[in-house]
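All heavy atoms count here, side chains included; hydrogens, waters and symmetry mates do not. Counting convention: from 1, in listed order, for ligands and their atoms alike. These numbers come from a predicted model, not from an experiment.
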Amino acid sequence: MEESLYNIKRIRNDFPALNKILFFASAGVGPLPRSALVVMQKYNKGLRIDFSKKVWEEDPWREVRELAARLIHASPEEITLTPSTSTGINLLAGSLDWKQKDNIVLNDLEYPANVYPWIYQADLHDLEIRMVPSKNGVVSRDDLLKAIDKRTRVLAVSHVEFGTGYRNDVAALAEAVHKVNGLICVDAIQSLGVLKVDVKALDIDVLATGGYKWLCGPLGTGFAYVREDLLTDLKRPIANYMNLPSEDGETVWNALVAGKNYPTDHASLAQTGKRFEDHGLSPTLFKGFATALEYLLALEEDAIESRISELVSYCIERLCEEKIELITPKPLNERAGIVTLRVPFDLSRPKQVAELETKLRDARIKAHPRAGGLRLSIHFFNTTQDIDRVVNFIKKL
Ligand SMILES: Cc1ncc(COP(=O)(O)O)c(C=O)c1O
């Protein structure tokens, strides 16, 4: 399988972490490609040791906006750079003009990054949180649809749930929430880099992600997408001097250089996603993120999605042969890159968690206990041999 799609040897060689460990942890923090590491070192040297004019004139933020837009089939103007997923989610949560008793639909499989920003707004504005309960690792689409009514302002959901790996039907959920004039906010950190995500085809209003999991970018990077016609409706309660519209930015800068006053009659905001950006996003980290995104885009989303899907099917098959119980649903359209399975440890007891972690470390396997089981994250650089090795380890636990 791997030879037909990719030169897997070359790919594995591009990720130094894979020489050291059996890597099944991309749903936690992914490995950095060597090219990103090298670029960040070179770029930092150019910036801070050589003070090279050419390097200072680079714009890694613009590079990431363009690459992120290509990845999700949006326009660069709809991209806001962030240091994390939470920042992107807070962007929407903190910018809406909430009305008392509006409701927000969540579910109990969500990672806290997609929960507390909404609860905070509910506390501030007297909103209703509708927490839809999951059953057996799955949040049923019908239960989510039933929770939506005409007071629903936002349905906030992960494309792929962090623990059980369940894949939500985002297109159907978007359709339902749009019927009542609500918005869908998608936490896509567990799907980008695994599944092909087309925000227009899925009709997503806001999407948020970090760059450091399946996208293999540095920690401290991420981005959000805000649908173009929503951009100027959102009133984020922050302003800074680095994301002014470009003409105003130039006026301010020229005034600083010339020792003149700059305009202070009002604070202008960019008309693009840049208007929401926080100041202080590291250029070095975003340079590394651009390199990681370029790497991924060169492998092509369709090819990545089908390779991961085949590897996940193989893994599920092998686990079933060994009679190991799965927490992740088996149907193809209900899963992505995560396979979570039961292990003979009581993971509600910290001592047993530590015991499992020690066994993983001793076997040089990187994977995490989550959702009451062991979570394997299967990425394009994994192989069927990796899967055989981890299944052998699991059956001996
Ligand atoms: C679904 C999901 N959302 C968000 C995050 C992380 O959020 P942040 O980037 O804000 O740390 C994780 C990390 O595990 C996650 O699994």
Side-chain angles (χ1 to χ4, degrees), residues 23-32 64 68 72 79-94 104-121 131-132 134 137-139 144 154-168 170 173 184-195 197 204 206-225 276-278 280-282 285-286 288-289 292-293 327-328 334-340 366-379:
F23 198 89
F24 285 105
S26 300
V29 174
L32 265 185
V64 172
I72 62 169
I79 303 293
T80 299
L81 303 181
T82 65
S84 67
T85 323
S86 316
T87 313
I89 292 168
N90 270 300
L91 184 167
L92 179 65
I104 300 164
V105 176
L106 297 173
N107 74 80
D108 68 4
L109 294 179
E110 290 300 311
Y111 193 76
N114 192 30
V115 173
Y116 290 115
W118 304 111
I119 300 207
Y120 181 56
Q121 295 303 320
M131 186 66 75
V132 176
S134 59
V138 166
V139 53
L144 282 172
V154 175
L155 164 69
V157 70
S158 290
H159 194 175
V160 174
E161 301 295 350
F162 81 97
T164 69
Y166 175 65
R167 188 204 305 194
N168 285 291
V170 168
L173 298 174
I184 183 162
C185 177
V186 176
D187 175 342
I189 198 168
Q190 298 294 1
S191 64
L192 289 179
V194 180
L195 303 174
V197 174
I204 292 173
V206 173
L207 169 147
T209 189
Y212 54 86
K213 294 187 190 280
W214 304 88
L215 296 176
C216 299
L219 287 160
T221 61
F223 65 86
Y225 155 83
F276 304 121
E277 271 172 27
D278 285 326
L281 296 170
S282 156
L285 295 179
F286 276 82
F289 191 20
L293 284 171
I327 295 174
T328 301
E334 293 184 11
R335 54 165 156 99
I338 292 175
V339 180
T340 309
K366 187 91 189 140
H368 297 112
R370 289 287 185 277
L374 179 63
R375 180 181 69 183
L376 301 180
S377 319
I378 299 176
H379 214 341

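Inspection of the Thr85 and Asp187 side chains reveals no N or O donor paired with an N or O acceptor under 3.5 Å. Judged purely by distance below 3.5 Å, without hydrogens or angles, the side chains of Ser158 and Glu110 pair a donor atom with an acceptor atom.
Among all protein heavy atoms, the one lying closest to atom 1 (C) of ligand 1 is Asp187 OD2, 3.4 Å. For atom 11 (O) of ligand 1, the nearest protein heavy atom (residue, atom name, distance) is Tyr212 OH, 3.2 Å. Of all protein heavy atoms, the one closest to atom 10 (O) of ligand 1 is Ser86 OG, 2.4 Å.
In terms of modelled atom types and a separation under 3.5 Å, the side chain of Thr340 and the main chain of Gly163 share a donor-acceptor contact. A donor-acceptor distance shorter than 3.5 angstrom exists from the side chain of His379 to the backbone of Trp214, with no hydrogens or angles considered. Panel note: side chain Glu277, backbone Leu81; a donor-acceptor pair is recorded below 3.5 Å.
Under a 4.0 angstrom heavy-atom cut-off, Lys213 registers as being in contact with ligand 1. Not a single heavy atom of Asn114 lies less than 4.0 angstrom from ligand 1. In this structure, Gly210 does not count as a contact residue of ligand 1, since none of its heavy atoms falls inside 4.0 Å of the ligand.
Under a 4.0 Å criterion applied to the non-hydrogen atoms of Ala113, ligand 1 contributes the atoms 4 (C), 7 (O). Near Phe162, meaning under 4.0 Å from any of its heavy atoms, are these atoms of ligand 1: 1 (C), 16 (O).
In this structure, CZ in Arg167 is found 8.5 Å from CZ in Arg335, a value given to the nearest 0.5 Å.
In terms of heavy-atom proximity, Leu109 sits nearest to Glu161 at O-OE1, 3.1 Å.
The distance criterion of under 3.5 Å between nitrogen or oxygen atoms is met by Gln190 with respect to ligand 1.
Proximity of Ile189 to ligand 1, defined as any heavy-atom pair under 4.0 Å, is confined to the side chain (atoms from C-beta onward).
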